[in-house]
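Take a look at the structure below.
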Number of protein chains: 2
Amino acid sequence: MATPRKELSTNSENRQTLAAACDVNDVLADISLRWKMQILYCINEGVAQFTTLKKAFPTLSDQILGKRLKELRAESLITASDIPETTPPQIRYATTEKGRELLAIILDLHHWGLKWKTVGNNYCTVNR
Amino acid sequence: MATPRKELSTNSENRQTLAAACDVNDVLADISLRWKMQILYCINEGVAQFTTLKKAFPTLSDQILGKRLKELRAESLITASDIPETTPPQIRYATTEKGRELLAIILDLHHWGLKWKTVGNNYCTVNR
DNA sequence: TTCTTTACTCACTTTGGGATGAGTTATTGT
DNA sequence: ACAATAACTCATCCCAAAGTGAGTAAAGAA
């Protein structure tokens, strides 16, 4: 009689709980998706097409690359535009102001990581 | 004869590939673990014991809290010290300089999120 | 001696991110 | 008609993060 048998996964519930507590949890979840910031960085550096990005990361699959580009566009971190007069229609990506500001913060994070890295070892000693 | 049958999971291989490409990927993976930055923030604000943290996040389990505290200590983001003269021996946590500098960057990220958030909707329109 | 509280740890199950293989649309070259 | 290339999408499987239940050590209180 007592146990009402919980229906919903507390996994996704907790994600919502955290997002409700503070927006930054959503931001963290978004930017930590694998390859995402790396792709954004490359686009900002001029490696701006599907195929050139693929060459930049040989172990990154088409599927994830396409997914990440779609996400980045949906979040307005990059824009996509057709390159005219190309044999198979091609697309060039470019970072937005929003994307460039994010990259600046990621760079701060990078510097923080370097600053506090213990020599000869990772700053994170937790087993993975 | 051709296919040499790959042995290792490309999943963890790719994590290493990314970490080798740039340290910041490791940092991103670390700080985006659920509850981690939230716990660090609370400790910095003075909510500094196991039980008080548990009360602060009712849906956070003991197990994950213990795990996160262990990680935070291993990464030198917090320190742990005994409170003397307490009935069951108690522990108080405190942020380190490294932890406080990280929180400052997380705060930047928070501001970035607020700045670019589209009104009435999430800045992230990708389905989860 | 048993109860309570703090601060954990272990074993098991679930969930969703990420990898893989195959298929799709569009356009030009042969 | 068929091949080639760019830029994707879909279905399926795997694995590690995260959740759940239970148990532990230490120290005093009843």
Side-chain angles (χ1 to χ4, degrees), chain A residues 3 5-18 25 28-36 38-39 48-55 57-73 78 80-93 126-128, chain B residues 3 5-18 25 28-36 38-39 48-55 57-73 78 80-93 126-128:
Chain A
T3 50
R5 168 176 90 85
K6 54 171 61 176
E7 313 270 352
L8 280 173
S9 126
T10 325
N11 193 8
S12 60
E13 273 178 11
N14 271 345
R15 177 146 57 188
Q16 287 172 29
T17 302
L18 264 176
N25 290 298
L28 281 171
D30 279 341
I31 66 174
S32 63
L33 292 175
R34 201 176 290 178
W35 307 101
K36 196 160 185 178
Q38 210 75 37
I39 291 169
Q49 279 181 270
F50 197 98
T51 311
T52 51
L53 283 165
K54 247 173 75 174
K55 280 177 199 147
F57 306 107
T59 58
L60 167 62
S61 63
D62 289 19
Q63 296 76 4
I64 297 293
L65 177 55
K67 201 175 169 189
R68 288 290 112 89
L69 288 171
K70 197 176 166 186
E71 289 165 5
L72 288 167
R73 262 183 296 167
I78 60 171
S81 55
D82 289 339
I83 306 177
E85 312 290 327
T86 44
T87 319
Q90 294 178 29
I91 293 177
R92 183 182 308 285
Y93 297 102
V126 179
N127 68 317
R128 276 270 180 59
Chain B
T3 50
R5 167 176 91 83
K6 54 170 65 177
E7 312 270 351
L8 281 174
S9 129
T10 326
N11 192 9
S12 59
E13 272 180 10
N14 272 345
R15 176 147 56 186
Q16 287 173 30
T17 302
L18 264 177
N25 290 297
L28 281 171
D30 279 342
I31 67 174
S32 64
L33 292 174
R34 202 176 289 177
W35 308 100
K36 197 163 185 177
Q38 210 74 36
I39 292 169
Q49 278 181 266
F50 198 97
T51 312
T52 51
L53 284 166
K54 249 174 74 173
K55 280 178 198 146
F57 307 107
T59 58
L60 167 62
S61 64
D62 290 19
Q63 296 75 5
I64 299 294
L65 177 55
K67 201 175 170 188
R68 287 292 111 88
L69 288 171
K70 197 176 165 186
E71 289 165 5
L72 288 166
R73 262 184 296 169
I78 59 172
S81 55
D82 290 337
I83 306 176
E85 312 289 326
T86 45
T87 318
Q90 293 178 28
I91 294 177
R92 182 182 309 285
Y93 296 102
V126 179
N127 69 320
R128 275 274 181 59

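These numbers come from a predicted model, not from an experiment. Chain naming here is simple, since letters A, B, ... match the order of the sequence lines and numbering starts at 1 in each.
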Without decimals, in angstroms, what is the distance between B/Leu33 CG and D/dA18 P? 5 Å

Scan nucleotides 4-13 of chain D nucleotide by nucleotide, 5' to 3', and note B when protein non-hydrogen atoms come under 4.0 Å of the base, S if they reach only the sugar-phosphate, - if neither. -BSSBBB---

For the student: nearest non-hydrogen atoms of A/Phe50 and A/Leu65, plus distance: O-CD2, 3.5 Å

Given atom CG of B/Asp82 and atom C1' of D/dA26, what is their separation to the nearest angstrom? 12 Å

Listed by chain and number, what are the side chain to side chain donor-acceptor pair (under 3.5 Å) partners of B/Thr59, not counting sequence neighbours? A/Asn14

So, does A/Arg15 get its side chain near the phosphate of D/dA18, meaning an N or O under 4.0 Å from OP1 or OP2? no

How would you list, by chain and number, every residue that makes a ring-ring contact (aromatic ring centres under 6.0 Å, His included) with B/Phe57, sequence neighbours excluded? B/Trp35

Whole Å only: how far is the CH2 atom of A/Trp35 from the C1' atom of C/dA19? 11 Å

Residue pair B/Gln90, B/Asp82: steps toward the side-chain hydrogen bond (donor to acceptor under 3.5 Å, both in side chains) verdict: CA-CA 6 Å; B/Gln90 293 178 28; B/Asp82 290 337; over 6 Å; no

Using atom CG of A/Asn25 as one end and atom C1' of D/dA18 as the other, report the distance to the nearest whole Å. 15 Å

Once you round it to whole Å, what is the distance between P of C/dA7 and CZ of B/Arg68? 19 Å

Of all heavy-atom pairs between B/Ile91 and B/Ala80, which one has the smallest distance, and what is that distance? CG2-CB, 3.8 Å

A/Leu28 CG to D/dA17 P: how many Å, rounded? 17 Å

I need the CD-P distance between B/Gln16 and C/dG18, as an integer number of Å. 16 Å

To the nearest Å, give me how far apart CG (A/Asn11) and P (C/dT14) are. 13 Å

Sidechain-backbone polar pair: B/Arg68 side chain, B/Arg34 backbone, donor-acceptor under 3.5 Å: yes

